[in-house]
S.K.: 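One structure, as C-alpha coordinates, below. Some questions next.
All values below come from the heavy atoms of this structure, side chains included, with hydrogens, waters and symmetry mates left out. In this text, all values refer to a predicted model and were calculated from it rather than measured experimentally.
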Amino acid sequence: NWGIDRVVIPVPGDFSKIFASGGVTRSEGTSKGVYKFEWVPNGDAVPVTDWGDNGYAGISELYDAFAGPATDGNYVYFINQSYHDYFQGAMSELVYITLDDGTVERRVDMSDWWSSADDQAGDGQLNGGPNGFMCRNGYLFMGSHSSCLVQMVDPMGEDYYEDGVQYSN
(Lines give C-alpha, C1' and ligand atoms only; values in the text may rest on other atoms or scores of the structure.)
Protein backbone atom coordinates (compact mmCIF):
# COMPACT_ATOMS: atom_id res chain seq x y z
CA ASN A 1 0.00 0.00 0.00
CA TRP A 2 2.58 2.49 -1.10
CA GLY A 3 1.20 5.64 -2.63
CA ILE A 4 2.46 8.31 -4.98
CA ASP A 5 1.23 11.80 -4.19
CA ARG A 6 0.40 14.49 -6.73
CA VAL A 7 3.73 16.34 -6.91
CA VAL A 8 6.42 15.40 -9.45
CA ILE A 9 9.54 17.45 -10.30
CA PRO A 10 12.50 16.80 -12.61
CA VAL A 11 15.90 15.90 -11.20
CA PRO A 12 18.23 18.91 -11.71
CA GLY A 13 20.51 18.38 -14.71
CA ASP A 14 18.90 15.05 -15.69
CA PHE A 15 15.39 15.43 -17.04
CA SER A 16 15.20 11.70 -17.74
CA LYS A 17 14.59 11.27 -13.98
CA ILE A 18 11.93 12.63 -11.63
CA PHE A 19 11.22 12.97 -7.91
CA ALA A 20 7.71 12.22 -6.64
CA SER A 21 6.28 12.50 -3.14
CA GLY A 22 4.56 9.58 -1.45
CA GLY A 23 4.72 6.95 1.26
CA VAL A 24 2.89 4.14 3.02
CA THR A 25 -0.80 4.54 3.85
CA ARG A 26 -1.59 5.11 7.54
CA SER A 27 -3.38 1.77 7.85
CA GLU A 28 -0.27 -0.09 6.69
CA GLY A 29 2.72 1.56 8.32
CA THR A 30 4.80 4.61 8.97
CA SER A 31 6.73 6.16 6.13
CA LYS A 32 6.54 9.26 3.98
CA GLY A 33 9.09 10.84 1.71
CA VAL A 34 10.28 11.06 -1.88
CA TYR A 35 10.70 8.54 -4.70
CA LYS A 36 13.21 8.84 -7.53
CA PHE A 37 12.20 7.36 -10.89
CA GLU A 38 13.53 7.11 -14.39
CA TRP A 39 10.90 8.63 -16.66
CA VAL A 40 9.59 6.27 -19.35
CA PRO A 41 7.57 8.18 -21.99
CA ASN A 42 4.18 6.51 -22.51
CA GLY A 43 5.17 3.78 -20.06
CA ASP A 44 5.66 2.99 -16.38
CA ALA A 45 8.42 4.89 -14.58
CA VAL A 46 11.23 2.74 -13.17
CA PRO A 47 12.59 3.24 -9.63
CA VAL A 48 16.21 4.40 -9.46
CA THR A 49 17.29 1.64 -7.08
CA ASP A 50 20.75 3.05 -6.24
CA TRP A 51 19.12 6.11 -4.65
CA GLY A 52 17.74 5.96 -1.11
CA ASP A 53 16.25 2.57 -0.24
CA ASN A 54 15.53 1.10 -3.69
CA GLY A 55 14.46 4.48 -5.07
CA TYR A 56 12.71 5.82 -1.94
CA ALA A 57 14.04 8.19 0.74
CA GLY A 58 11.83 8.94 3.70
CA ILE A 59 11.22 9.20 7.39
CA SER A 60 9.35 6.93 9.76
CA GLU A 61 6.18 8.95 10.35
CA LEU A 62 2.53 8.22 9.72
CA TYR A 63 1.52 9.27 6.23
CA ASP A 64 -0.35 12.54 6.66
CA ALA A 65 -0.24 15.92 5.01
CA PHE A 66 3.05 17.10 3.63
CA ALA A 67 4.44 19.16 0.81
CA GLY A 68 7.06 18.57 -1.79
CA PRO A 69 9.26 17.60 -3.26
CA ALA A 70 11.13 20.73 -4.25
CA THR A 71 14.80 21.21 -5.05
CA ASP A 72 17.30 24.02 -5.32
CA GLY A 73 20.00 21.81 -6.84
CA ASN A 74 21.60 21.21 -3.42
CA TYR A 75 18.96 18.97 -1.83
CA VAL A 76 15.52 17.61 -2.51
CA TYR A 77 13.18 18.88 0.22
CA PHE A 78 9.83 17.88 1.56
CA ILE A 79 7.76 19.12 4.45
CA ASN A 80 6.53 16.76 7.13
CA GLN A 81 3.52 18.10 8.97
CA SER A 82 0.25 16.93 10.41
CA TYR A 83 -2.56 19.41 9.94
CA HIS A 84 -5.02 16.55 10.32
CA ASP A 85 -3.50 15.86 13.79
CA TYR A 86 -3.78 12.11 13.34
CA PHE A 87 -0.96 11.23 15.63
CA GLN A 88 1.67 13.47 17.07
CA GLY A 89 0.48 16.85 18.15
CA ALA A 90 2.13 20.11 17.14
CA MET A 91 4.64 19.31 14.41
CA SER A 92 6.00 20.82 11.22
CA GLU A 93 9.45 20.15 9.81
CA LEU A 94 11.55 20.68 6.72
CA VAL A 95 13.35 17.50 5.60
CA TYR A 96 16.58 17.64 3.57
CA ILE A 97 17.47 14.65 1.34
CA THR A 98 20.76 14.44 -0.55
CA LEU A 99 20.44 14.50 -4.32
CA ASP A 100 23.23 12.02 -5.01
CA ASP A 101 22.31 9.05 -2.79
CA GLY A 102 18.95 9.78 -1.13
CA THR A 103 20.13 10.10 2.46
CA VAL A 104 17.92 12.04 4.87
CA GLU A 105 20.57 14.48 6.07
CA ARG A 106 18.70 17.06 8.12
CA ARG A 107 15.31 17.64 9.74
CA VAL A 108 14.47 21.20 10.80
CA ASP A 109 11.66 21.82 13.28
CA MET A 110 9.40 24.67 12.10
CA SER A 111 6.64 24.09 14.68
CA ASP A 112 7.06 27.43 16.44
CA TRP A 113 5.93 29.16 13.23
CA TRP A 114 3.40 26.67 11.88
CA SER A 115 1.82 24.90 14.90
CA SER A 116 -0.08 26.01 17.99
CA ALA A 117 -1.52 23.87 20.80
CA ASP A 118 -3.15 27.08 22.13
CA ASP A 119 -5.06 27.53 18.85
CA GLN A 120 -6.28 23.95 19.06
CA ALA A 121 -7.43 24.44 22.67
CA GLY A 122 -9.55 27.35 21.40
CA ASP A 123 -11.21 25.12 18.76
CA GLY A 124 -8.76 26.21 16.06
CA GLN A 125 -6.35 24.04 14.14
CA LEU A 126 -3.20 22.61 15.64
CA ASN A 127 -0.99 22.56 12.54
CA GLY A 128 -1.31 25.12 9.75
CA GLY A 129 1.18 23.70 7.28
CA PRO A 130 2.97 24.40 5.19
CA ASN A 131 1.39 22.07 2.68
CA GLY A 132 2.54 23.85 -0.44
CA PHE A 133 5.97 25.11 -1.38
CA MET A 134 8.30 25.72 -4.28
CA CYS A 135 11.91 26.67 -4.79
CA ARG A 136 13.03 29.71 -6.78
CA ASN A 137 16.49 31.27 -6.92
CA GLY A 138 17.71 29.24 -3.94
CA TYR A 139 14.79 30.15 -1.66
CA LEU A 140 11.85 28.05 -0.53
CA PHE A 141 8.46 29.77 -0.66
CA MET A 142 5.99 28.16 1.74
CA GLY A 143 2.27 28.53 2.33
CA SER A 144 -0.86 26.58 3.10
CA HIS A 145 -4.48 26.46 2.08
CA SER A 146 -5.32 26.29 5.79
CA SER A 147 -3.49 29.36 7.10
CA CYS A 148 -2.60 32.90 6.09
CA LEU A 149 1.08 32.41 6.88
CA VAL A 150 3.55 32.56 3.99
CA GLN A 151 7.33 32.42 4.27
CA MET A 152 10.44 32.83 2.17
CA VAL A 153 13.20 30.64 3.60
CA ASP A 154 16.90 30.25 2.80
CA PRO A 155 17.32 26.48 3.28
CA MET A 156 21.09 26.89 3.53
CA GLY A 157 20.75 29.03 6.67
CA GLU A 158 22.35 27.39 9.69
CA ASP A 159 19.38 28.12 11.95
CA TYR A 160 15.84 28.24 10.56
CA TYR A 161 14.69 30.90 13.02
CA GLU A 162 17.83 33.07 13.00
CA ASP A 163 19.02 33.14 9.40
CA GLY A 164 16.70 30.79 7.48
CA VAL A 165 13.47 32.77 7.46
CA GLN A 166 13.95 35.76 5.16
CA TYR A 167 10.31 36.86 5.10
CA SER A 168 7.20 35.92 7.04
CA ASN A 169 3.92 37.80 7.10
S.K.: Search all heavy atoms of Pro130 against all heavy atoms of Ser144 and return the closest pair with its distance.
M.R.: CA-CB, 4.2 Å

S.K.: Spell out, as yes or no, whether a donor-acceptor pair under 3.5 Å connects the side chain of Ser92 to the backbone of Met110.
M.R.: no

S.K.: To the nearest 0.5 Å, tell me how far Lys36 NZ sits from Thr49 OG1.
M.R.: 10.5 Å

S.K.: Do Pro47 and Tyr35 come within less than 4.5 Å of each other through their side chains, counting heavy atoms only?
M.R.: no

S.K.: Does a side-chain heavy-atom distance below 4.5 Å link Tyr160 with Gln151?
M.R.: yes

S.K.: For residues Ile79 and Met134: do they belong to one hydrophobic cluster (side chain heavy atoms under 4.5 Å, members Ile, Leu, Val, Met, Phe, Trp, Tyr)?
M.R.: no

S.K.: Ignoring hydrogens and angles, tell me if any N or O in the side chain of Glu105 forms a donor-acceptor pair with the backbone of Gly102 under 3.5 Å.
M.R.: no

S.K.: Can you tell if the side chain of Arg107 reaches within under 4.5 Å of the side chain of Asn80, non-hydrogen atoms only?
M.R.: yes

S.K.: If hydrophobic clusters are built from ILVMFWY residues whose side chains come within less than 4.5 Å, do Val165 and Tyr161 share one?
M.R.: yes

S.K.: Applying a strict under-4.5 Å side-chain criterion to I, L, V, M, F, W and Y, I'd like to know whether Tyr139 and Val153 cluster together.
M.R.: no

S.K.: Please set out all donor-acceptor pairs under 3.5 angstrom arising from side-chain atoms of residues 7-19, sequence neighbours excluded.
M.R.:
| residue | atom | partner | partner atom | Å |
| --- | --- | --- | --- | --- |
| Asp14 | OD1 | Ser16 | N | 3.2 |
| Asp14 | OD1 | Ser16 | OG | 2.5 |
| Asp14 | OD2 | Lys17 | NZ | 3.1 |

S.K.: Ignoring hydrogens and geometry, is there a side-chain-to-backbone donor-acceptor pair from Thr98 to Thr103 under 3.5 Å?
M.R.: yes

S.K.: Find out whether Ser168 and Leu149 are in side-chain contact, i.e. whether some heavy atom of one side chain is under 4.5 Å from a heavy atom of the other.
M.R.: yes

S.K.: Using the rule that Ile, Leu, Val, Met, Phe, Trp and Tyr join whenever any side-chain heavy atoms are under 4.5 Å apart, tell me whether Phe141 and Val150 fall into a single cluster.
M.R.: yes

S.K.: Shortest non-hydrogen contact from Trp51 to Asp101?
M.R.: CD1-C, 3.5 Å

S.K.: Taking the side chain as every heavy atom from C-beta outward, state whether Ile59 and Glu93 have any pair of such atoms under 4.5 Å apart.
M.R.: yes

S.K.: Does Leu99 belong to the same Ile/Leu/Val/Met/Phe/Trp/Tyr cluster as Val104, with side-chain heavy atoms less than 4.5 Å apart forming each link?
M.R.: yes

S.K.: Check whether any side-chain N or O of Asn169 sits under 3.5 Å from a backbone N or O of Cys148 as a donor-acceptor pair, and report yes or no.
M.R.: yes

S.K.: Can you give me the closest heavy-atom contact between Pro155 and Gly138, atom names plus distance?
M.R.: CD-O, 3.2 Å

S.K.: Applying side chain to side chain contact (heavy atoms under 4.5 Å, CB included), can you list everything that pairs with Met156, at least two apart in sequence or on another chain?
M.R.: Asp72, Asn74, Tyr75, Tyr77, Tyr96, Asp154

S.K.: Please report the closest heavy-atom contact between Phe37 and Ala20, naming both atoms and the distance.
M.R.: CE1-CB, 4.2 Å

